Every structure is written in C-alpha cells, then in structure tokens.
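Report on the following structure.
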Amino acid sequence: MEQVEQSKSRGPVPGAAPVDRTVVRVEQVGFAYQETPPVLEGLDFRLEEGDFLVVFGANGAGKTTLCYLLSGVIPHIWAGTRRGEVSVCGLDPWSVPMHRLASHVGIVLQDPEAQLAMPNVRLELAFGPANLGLPREEIFARIPQALAAVGLEGFEARGTAALSGGQKQRVALASALMLAPRLLILDEPTSQLDPLGNAEVLEALRRIQGREGLTVLMTTHNTQDILDLGLGTAALVLDRGRVAAWGPVDEVLAQVELLERVGVQPPPLQKIWAAVAPDLNGRAEAAASVACLAAAIRGGLEAGRLRVREIARPGEDGGGAGAAGAAEPPLLEVDGLSFAYPGDPPVQALRDVDLTVRAGEFVGLIGQNGSGKSTLVRCLVGVLRPQQGAVRFRGKDIARFRVGQLSTRIGLVLQNPDYQLFSISAEEEVLFGLRNLGVPPEEAARRTRAALAEVGLGEVRDVFPFRLSFGDRRKLAVASVLAMGPELLILDEPTTAQDYHGRYLLAELAERLRAAGKTILMITHDMDLIARYARRLVVMRDGEVVLDGPTRDVFAEGEVLAATKLRAPLAFRLGQELGVWEPLPLTVDDVLAGLGPAG
Amino acid sequence: MQSAFQYVERATFMHRLHPVVKIVHLFATLALVLLPYRPTLRDLASAAIWVALGACLWALGRVGVRQFGFLIKFLTAIFVFLIVTQGLLYQSEGPVLIHIGHLEFWGSDLGTVTVEGLFFGAVLSVRIIAAAMALPLLVTTTSASQLMATLRTLRLPPRLTFMFVSSLSFTHLVIQMWQNILEAQKLRGFDIEAMSVWQRARRAYVPVLTPLILLLFRKGNDLQVALESKGFGSTGPKTEIEVLPFLPRDAAAAAVVLAVFALTLWVKF
C-alpha cells in the first residue's frame, strides 16, 4: 500500500503491526452522516504514544469527521453509519460513553466562543476533572501546570468572557490537558483567530509537543506555520474523505502539485523551492526559512543557473484603475473620527482617524483584533454614530442618512453570513433588502437575478440558504449587499474559517467588482491575500491609523508593522532578503515570475 | 455590550455575603409575591417595606440602577398599564373617582374608574417592583463560582446547577448575537428599532429570531461536544471545587432578612 511505502522513513506507520504503545488504530474506516454520501472512505492508520499527526485537507475533506470519530462525538452526538474498526486507547468510541472516553481523549474545537462553559479560568479548568470526581487537591495542583503549558500563568481568576480569542483557545487547550488525556484532538484550533492569537496557540502547541505520553492529532489549513514551528511528527492529507498523502510533515508538504490539486495551500517557501529546485540541484533544507531560500537562490544567480526577471504589477498608486485613481474625487472622506464605547471607563476605540478613499480603489484595512477596524467600518455604514469627526460620502455627511439609505451607497459584507440569512431561498434572501428599500418588484427581481449571477449562485436561487456551503453562504451575503447597488463595498474578514481556495473566492469576486467600477475596502488578517489584491494598505493600531500608503511602501515599514504584531508576506520578505528586484515581489507568483532559468 | 444580569466585581458587603442569604431573600420575595393580595393599605405597606429592604440591599451592593434602564422603562410601561386597566376593570362597591359614562365589557363598566381599582393596580405594581429587585441583587453581587458552590451545597442536581449558571453566561453570548443580527438586518434596510410596536409584532422578529435560533443550535452543539468531552455525562460523584464558609455576619444578615419578612407578613395580615 502506498501509505505504507511512504511512511517507512519515519512517523506513524499506517497499516503496520500493532505495538503496545498504539493509541489510535483506524482500520479501513468509512463513515457517512445520515442520508448523505460517505464523508470518509478506506482510512487506515495507527498513531503511537508521542506521535503528533497534522491533518490537512480542503473544507469538506473529512477532517472534522475524523476528529469526531476518534473523540466519540460520533455516534454519541452526531449519528451516521460507520464501517471498519476504530480503537482509541484500547476503547471503541462507538460503544463507550463519552464520559468514559473523557479521561483518555481531549478535544479542542474551532470556535473559541462556544466551548468555554464556565465563568472564570479556574472553574473552566476544574470542570472536567471535577466531573470525573478527581480529588480537589489534585485538581488544584494540575491547574497551574496546565496554564503554564499554554503560556497563561496567573490567569486563574480571569473571567473567560473577557479573554481574547487566542487566550480563550489556549484556555480550551489547557482545559483539555487537565484530564491528562493520552490523545489530544485539535480541530482547526487557529482558524478563527487573528495572527496574534494564531501565534499564541501554535506556540502553546509547540510547548506541549513531545510531552511524555501525549499523542496529538490536529487538523489545520496552516501549512507554512506548521513547517516554521516544526510541529508534527507526521502529516496526513485528506481528499474527499480518502488519504491523498501520508508521511513526515516536510515530505508531505513538499508535494506542491498534489497539495494544489486537493485544495491545500502549499507552504509558500516550498512552492518557490519546488519551482527553482530543478535549476539549483540544491537540498530540500534550502526551503527551511526565508534566509535559507534566499541564500540558495543567490547561489543560483551567482552560479548563472538562475536569472532575475522584471516584476510587473499594474496600478501601484493604490487606485485600481491605475494612476487614474488618484485623479478621482474622493468617494469617502473620514475626518477626525473618534468613537468610544460606553462603559466605566469608556473604551476609546477610534482616535482622530482621517482617511480618504477614491473611486476604483482596492484598499486593505489591516491590524490586530481590537485595533479599531470593525468600529471604523461600523461608523462608515452608519451603524455607529461617532462622537467626534465626520464621514462624508461623495461630499455629503452620512449623518443625514438612515442606515438603510446608506446601504445603497456603502455596502458591508459581514464576517459571518449566518447573522443575516433567514429566508426560504437564496432569491428571497436577496430580495429582502430590496423590498425594505421599496424597490419596485420588477426592478428588484432584475437586480436579484443579476446579483446572484454575479456571485455565481444563479443556479441555486431556489435553494434554502442554510443548505449552501459556508463559502456559498458568504457569496449569498455578498449578493444581498450587491443588489442594493452600493458604490463602495466593504468586506469584513472574508477569509476566516476558509480553506485555500475558499480564501480567494470572495477576494477574486471583489477584484472583479472593482474592475467593473466598484470601490473595495477589505478587512483581513491574511497578508498573502491582501498583498495580491490591494494596491493600498491602511494599518490600524489602538484606534489610530499608523500607516497608510501603497502596499509595498507599507510592507517596507518593518518596525511599525512589528509594533503592530504584523509581518509582510513571505514573498516580500524574500525579496527584501535577496535585494535583486525593484519593485519587490508581493506574492509567490511575483517571485516565480521574477526568476527564470539562465539562458 | 454587557448583559445587565451579569456579575459585577466590587468589594461591597453584599458581594462578601454568603449567597445563601441572598437566595433566602429571593425565595422570601417569591413567597411574598405569591401570597394572595387585596387592594388595601396594609397590603401596599407590606409590599413597600419589602421594596425598602430591597433598595437598602441594592445600595449596600452598589448595584447600578442605570444598567437596568431597559427593565425600569419596561416596568414603568407595565405599571401605567396595570393601574389604568385595574382602575377601569376592577369591580367594587367603593368610591368612584371618575365617571365618564357606561361601557359594558365582559361584565365590567369601563366608564367608571374606582379608587379601589387604582389601589389594586398600585399594590400589584409595588409587588412587581419587589419581585424585580431580587434576582438582579443575587446575580450582580454573586460570582458564578460562588453561585455554583452554593447551589451544590443546597443539594441541587449538578446538571440543574450547571444549566442555571451557564445560562447566565450564555446570556452574554445571546445578547451579542442579537446585536449582530440586528445590525446585519439594519444594513439591509430592516431597522427593527425604528418600527412601531404593531410593525414589530406583525413581521419584525422573523428576520431576527430565525438566524438567532439557527446560530444558537450551532453554538449549542459545540458546547455539547465541549461538555461531553469533559465528562459532563458522568454519573459518578463529582468534586466540589469551591467551599464557602457560612460566617456569623451571614447568619446575622439572614436573621435581618427573615425578621423583615416576618414584619411584612404581620403588616399584611
């Protein structure tokens, strides 16, 4: 079997003979939820004590189902039909109640909000062991150890509601560790976090990796970070429920073509290396870091094996329509905007913010959670009324418009489409906003058809929105905003909880709309994505705009970005390290276009 | 946005008080409210004494009146409604305050407002104030961990204790979701806050309640996974994490609450 062949080098051995230290045994397992096609097919692997398996796969590949199968969530909470054998710590999750599995298996889910049940950290951590009747003294002794393991020393008395996303997820991790499980399952633990939260959780995982007696299975889309931190002893790639690749993490993540094919983002360094390696005859270790890769490429250039090509990117001025953007009159002007949320004391969310957006621009708005991005856009769409300053749209103060009226000028696509979907069909969902605005029925029907076609949902106009995939629900949310005809479209975090291809769906759509004459303002934490599309970046920190300029100029401000806990995309940093391009590359594609074989 | 019914950390006497005393106050309030009442001065005085005790306890716990602004507005509307309707509907032989004609409705003469009717509405309103003051006092001055420990000490089933405490913390999440949904629909020209009561009742809540219910199902599923994976379904004995001592000052405070309760009963009967 191919998996067996691949796994001989190191890491867990799929299909190998059982050994005493086996923690997970999965033999020819298939699974289907009730009345759905199979989600998993022919899975066959083992994990031994101390293994750390990282599972990659596009959304719908079966990652979460695998986590649920091993933790007993299936069949005790979600029902379905299973084939094959599953054994976790010698128990069959299918026939053992979940509370019996609890002392063997811990699980951490994606959503940091929904998995903390207790009001403070101490009680949250004590919850599991107390349920199992462990002695109080032992529980109290474990709490500081679990918090230290995730880097949250001294957080015992903190209220869980007041924690950041990254802290909540680390508390969830510590809470799972409190039961001293032999198997820890993490289902995309960083997918809903900002870069800071992502780094905090991954650092916590790096700390617990190799803990005696602990086996870890983690699903993620985050390939580059996994490589950079050296997380995982083995990797498994799932494609539509089947094993597409298995083996040591670096070897699996070096299979760039396979990863692209199954919808997993190849680590950018690996992707660049895979493209230039045939001309360099170098070692795979060259892709270990930006500095290593830069050194290898530099060697190739000096040896005459590679040559530098010019990198061309249009519209560097920040305007989507090239230099014409600067000549356009301002579409949106933010003048001295300040906003504080009421409280004791009030929370100052925006401080004297100035911003001008011109027609046809694609502007990226970046910054950590809590920097004021969302408050700013909520002021722009009239949901919040600023205490100081003004927002003008085409020269008119927006304070004179109601939110509904403003939505025909400025449209906001929210991060979570499920906050707005309620209608019986996709078509009705789009019509809802138009009816509220009093648009005549024929005109509303025409606009609805056009908007659904624009986002590629014309064929599913009669489908109940909650039957659509998350990506399609997001597109539907865009359609419902687009139909209202705004000139300026604001997208709030379009990449959250999305896989490789899903991340680019809305961004590609936004770029198409910009090309068709709309103006785009996109909030995101995804530097690779924003580097690809935005010609101008606005960076916020503590309620203030700290940088505003063309994308490359902003990325060149390394110190300011570092103070904001942001980092330029890898391609840009590689360009800085090499110093052979002007302008510097923004994306992996730029780097690949900027390098060619000699002769 | 913070839920009004949420613990606020402060160093006050009420915060230090054993939660059992506050629970005694809550149950005494319930008992008082459930007792039959009449439109008499004695009933009004009895309810007013209990409200006065509640006001003292609120002051001792520095419970913010402003954070219950929505509740006060709502109750004010209820009081006006009660006093007016009871004034019009209450049948008595007592003195008539206003006589504006005869209008028979379900055996009542809507054209006659009696003093006794208004009194009946007033007694009812004061009793509602007394009832409304008790729960905020308990939940804003008692941390969830203290509450859990106390409910367990009172031998409530752990599942019930957890449901009560987690519903308090879930309130925060529900309010957040509610606000997000309101905003999302407002962005599509659907402004529930700008609608009349009639418009809201007729069509307003479907676009808000539907996503809320669907989201709650999803969050509930995640929470269930989190709880079950931490042995929540275990039937064995559970460990008490927090043990709260019952001090002499707690006994004294409980005695004061019970004494005032006895006084209200004496005044009433």
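Only a predicted model underlies this, so the values are computations on that prediction, with no experimental measurement involved. Naming: A, B, ... by sequence-line order, numbering from 1 per chain.
- When every heavy atom of A:L437 is checked against every heavy atom of B:G189, the shortest pair comes out as CD2-CA, 4.4 Å.
- Contact record, B:L187 with A:M484: O-CE, 3.9 Å, taken as the closest heavy-atom pair.
- Interface remark: B:V208 contributes no atoms to any contact with chain A (heavy atom separation under 4.5 Å).
- Around atom CD1 of A:I424, no more than 12 heavy atoms belonging to other residues, nucleotides or ligands sit under 6.0 Å away.
- Heavy atoms of B:L214 lying under 4.5 Å from chain A belong exclusively to its side chain.
- Listed options A:N436, A:V481, A:L134 were ranked by heavy-atom pairs under 4.5 angstrom with chain B; first place goes to A:N436.
- Heavy atoms of A:V105 lying under 4.5 Å from chain B belong exclusively to its backbone.
- In this structure, the portions of B:M177 lying under 4.5 Å from any heavy atom of chain A include both its backbone and its side chain.
- In terms of heavy-atom pairs under 4.5 angstrom with chain A, the leader among B:I241, B:L223, B:I181 is B:I241.
- Contact detail for B:R188 and A:S480: the closest heavy-atom pair is NH1-CB, 3.6 Å.
- Atom OG of B:S229 sits about 7.0 Å away from atom CG of A:L109, to the nearest 0.5 Å.
- Across B:S143, B:G233, B:A226, the residue that shares the most heavy-atom pairs under 4.5 angstrom with chain A is B:G233.
- Only the side chain of A:F140 comes within less than 4.5 Å of a heavy atom of chain B; its backbone N, CA, C and O stay farther away.
- Interface check for chain B: of the options A:G404, A:G133, A:G433, A:A130, the most heavy-atom pairs under 4.5 Å are formed by A:A130.
- In A:R402, the CZ atom is not crowded: 12 or fewer heavy atoms of neighbouring residues, nucleotides or ligands sit closer than 6.0 Å.
- Atom CD of A:Q115 sits about 10.0 Å away from atom NZ of B:K219, to the nearest 0.5 Å.
- Every residue was checked against the side-chain hydrogen bond (donor to acceptor under 3.5 Å, both in side chains) condition with B:Q224, not counting sequence neighbours, and none meets it.
- Looking at B:P237, the atoms closer than 4.5 Å to chain A (heavy atoms on both sides) all sit in the backbone: N, CA, C or O.
- In this structure, B:F27 places its CZ atom where only 12 or fewer heavy-atom neighbours from other residues, nucleotides or ligands lie under 6.0 Å away.
- Considering every non-hydrogen atom in both A:L132 and B:G231, the closest pair reads CD2-CA, 4.0 Å.
- A:F422 has its side chain within reach of B:Q185: a pair of non-hydrogen atoms, C-beta onward, lies under 4.5 Å apart.
- Top candidate by heavy-atom pairs under 4.5 Å with chain A, chosen from B:G220, B:A184, B:P207, is B:P207.
- By the 4.5 Å heavy-atom criterion applied to side chains, B:E228 and A:H76 are not counted as neighbours.
- The interface of residues 120-128 of chain A with chain B, defined by heavy-atom distances below 4.5 Å, comprises A:N120, A:R122, A:L123, A:E124, A:A126, A:F127, A:G128.
- Contacts of A:E428 classified as salt bridge (Lys or Arg N to Asp or Glu O under 4.0 Å), with partners at least two apart in sequence or in another chain: A:R435.
- The two residues A:L179 and B:K230 come nearest to each other via the heavy atoms CD1-CA, 4.0 Å.
- More than 12 heavy-atom neighbours from other residues, nucleotides or ligands sit within 6.0 angstrom of CZ on A:R385.
- For a residue to count as touching a neighbouring chain, one of its non-hydrogen atoms must lie under 4.5 Å from one of that chain's; by this rule B:L215 touches chain A with the side chain only.
- Looking at A:W78 and B:N221, their side chains come closer than 4.5 Å, going by heavy atoms from C-beta outward.
- In terms of non-hydrogen atom pairs under 4.5 Å with chain A, the most contact-rich of B:R218, B:E242, B:M148 is B:R218.
- Listed in order of number, the residues of residues 376-384 of chain A that approach chain B to under 4.5 Å between heavy atoms are A:R378, A:V381, A:V383.
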